[in-house]
Amino acid sequence: MMMNLSDLKTGQIAIVDRIISSDDTRRIVQKLEEKGVVSNKPVQVLRKAKFSSPLHIRVGSSKEITIQPQEAEMIIVKTDISAKDMISDSTTELTEQVKTASLVSLTTIILVVISGFYRILITGDIHQGNETKVVANVVYNSSSTGTKNQTLETIDKSQIQPTMVGSIETVNKKSEFSEKAAKKNNQNTNNHVRATTHSPPQNIQPIAKKITNKTELLELKQKLYNTIDQTWKTPINVTSIYLVKVDKNGAIAAYEPFNQIAADNLEKTPIPSLVNSDATNKKESLKTEWAEFTILFYDNGTLEVQPQ
């Protein structure tokens, strides 16, 4: 079945059959071909903005572009596609991606090898420097020890013995005092552990869990996008950004304007009307599982939802 690209629904995939060309539209056709829109190329409508704004489409398996509505009307596509139509283009793009990944991997391996050799050279220099320092310290310590021994030999041994006896008695007394203090500290510690162990547990507030599963986030993102897109009626003159928290069912529980411009345009968005007015239920819904998204209302009528 043949139709214009502008007639495709959001998410629908088709194959480019041809582009309507004339003398007046030759430059537009050339521009589309430079973007990758050529015959037998698969295309998918990702987002259709309101108020006659550009279309966001995917060309091939990964390239995303925007085109004007009049350009979309020039592109003739066929919707009755088969797996054979998709395989050739996907294979070509996959081959290019594999080549790119291989080059990146090879570059990484080379950098790792060079870094390893550099570390070996640096480590060898440091090791040699440390050996030199160790040898110097050994020589210095040996000479110092010899000097100290010669000095000690000149001291009268009879004068040292009484001093050593008095020092030994003092050390013994300090050791007895230290043992008593240690026993007392151990007893106090054991009593504190017993008291702490038998004390009743405190009430612990359950911690809310942020949703990180990619599949769940994609489902919540699409649900949030559809809800806002269906209720957004008033155009916005300046792009406005909002941060919202939704529960596991996709309902908006809290929101916050990103800046003053977003705060001024808040009433032009459907966000306030979509928030649960029951404060108790809103608070309870965020105690289990929640996700955070950034919502962008563009001045050209395009809506975008991105997970945080």
Side-chain angles (χ1 to χ4, degrees), residues 5-6 8-12 35-36 43-59 61-72 207-308:
L5 178 61
S6 58
L8 292 179
K9 298 180 181 179
T10 302
Q12 190 173 1
K35 291 183 177 182
V43 292
Q44 181 183 16
V45 177
L46 300 178
R47 190 175 298 111
K48 299 178 72 172
K50 299 181 179 181
F51 317 115
S52 300
S53 297
L55 278 73
H56 183 191
I57 66 173
R58 178 182 290 120
V59 181
S61 60
S62 58
K63 187 176 183 179
E64 297 184 9
I65 62 172
T66 57
I67 60 174
Q68 299 297 326
Q70 58 270 27
E71 295 175 345
I207 300 175
K209 177 184 177 183
K210 184 176 181 179
I211 299 174
T212 57
N213 183 274
K214 293 184 179 181
T215 303
E216 294 182 19
L217 286 175
L218 288 175
E219 293 177 355
L220 291 174
K221 172 186 174 182
Q222 190 62 42
K223 190 172 184 179
L224 182 61
Y225 176 88
N226 293 337
T227 301
I228 296 177
D229 185 61
Q230 293 172 2
T231 54
W232 182 25
K233 303 299 181 183
T234 306
I236 291 179
N237 297 328
V238 182
T239 299
S240 301
I241 305 173
Y242 302 89
L243 303 178
V244 301
K245 283 187 176 182
V246 301
D247 59 18
K248 60 182 179 180
N249 297 319
I252 299 178
Y255 65 89
E256 179 183 0
F258 182 75
N259 51 24
Q260 187 59 42
I261 294 176
D264 295 339
N265 290 325
L266 180 61
E267 296 302 325
K268 296 181 180 180
T269 72
I271 293 179
S273 62
L274 297 175
V275 177
N276 189 355
S277 60
D278 190 341
T280 302
N281 292 336
K282 177 173 64 175
K283 186 176 181 181
E284 292 296 328
S285 64
L286 293 178
K287 284 185 178 180
T288 55
E289 293 181 312
W290 58 275
E292 194 170 21
F293 292 90
T294 301
I295 303 178
L296 298 93
F297 294 88
Y298 290 99
D299 53 358
N300 61 3
T302 303
L303 174 66
E304 185 175 353
V305 178
Q306 294 295 338
Q308 287 287 88

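Just so you know, these numbers come straight off a predicted model, no measurement behind them.
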Residue set satisfying side chain to side chain donor-acceptor pair (under 3.5 Å) with Q306, at least two apart, ordered chain then number -> E304

Taken to the nearest 0.5 Å, the spacing of F297 CZ from L266 CG works out to 9.0 Å

All heavy atoms of A263 vs all of P257, minimum pair found to be N-CB, 3.6 Å

Residues at least two apart in sequence or cross-chain that pass side-chain contact (heavy atoms from CB on, under 4.5 Å) with T239, listed by chain then number, are Y298, D299

Going by atom types only, do N226 and Q222 share a side-chain donor-acceptor pair under 3.5 Å? yes

Exercise. Do Y242 and N265 have side-chain heavy atoms sitting under 4.5 Å apart?
Worked result: yes

When rounded to the nearest 0.5 Å, the distance separating CD1 of I236 from OG1 of T302 is 11.5 Å

Sorted by chain and residue number, the salt bridge (charged side-chain N to carboxylate O under 4.0 Å, His left out) partners of E64 (sequence neighbours excluded) come out as R58

Between the NZ atom in K221 and the NZ atom in K214, the distance rounded to the nearest 0.5 Å is 12.5 Å

CD of Q70 to OG of S6, rounded to nearest 0.5 Å, is 10.5 Å

Of all heavy-atom pairs linking L243 and T294, the shortest is CD2-OG1, 3.4 Å

Heavy atoms of V45 and K9 approach each other most closely as CB-O, 3.7 Å

Notebook entry, point to check: Do R47 and Y225 have side chains that get closer than 4.5 Å, going by heavy atoms?
Noted result: yes

Q) L224 versus V244: any side-chain heavy-atom pair under 4.5 Å? A) yes

Value for CD (E219) from NZ (K248), rounded to nearest 0.5 Å, stands at 14.0 Å

| message | Are the side chains of I67 and L5 in contact, using a 4.5 Å heavy-atom criterion? | response | yes

*asked:* Looking at G11, is its backbone amide N or carbonyl O close enough to the side chain of Q44 to form a donor-acceptor pair, meaning the two atoms are under 3.5 Å apart?
replied: yes

Between L217 and A291, the two heavy atoms sitting closest are CD2-CB, 3.8 Å

Q) Do K233 side-chain atoms and P270 backbone N/O form a donor-acceptor pair below 3.5 Å? A) no

ask   = Is the backbone N or O of A251 less than 3.5 Å from a side-chain atom of N249, with the two atoms forming a donor-acceptor pair by type?
value = no

Looking only at heavy atoms, the pair that brings T227 and K223 closest together is OG1-O, 2.9 Å

Rounded to the nearest 0.5 angstrom, the CD1-OH distance for I295 and Y255 is 11.5 Å

Closest heavy-atom pair, T234 versus W232, reported as atoms and distance to 0.1 Å, is O-NE1, 2.6 Å

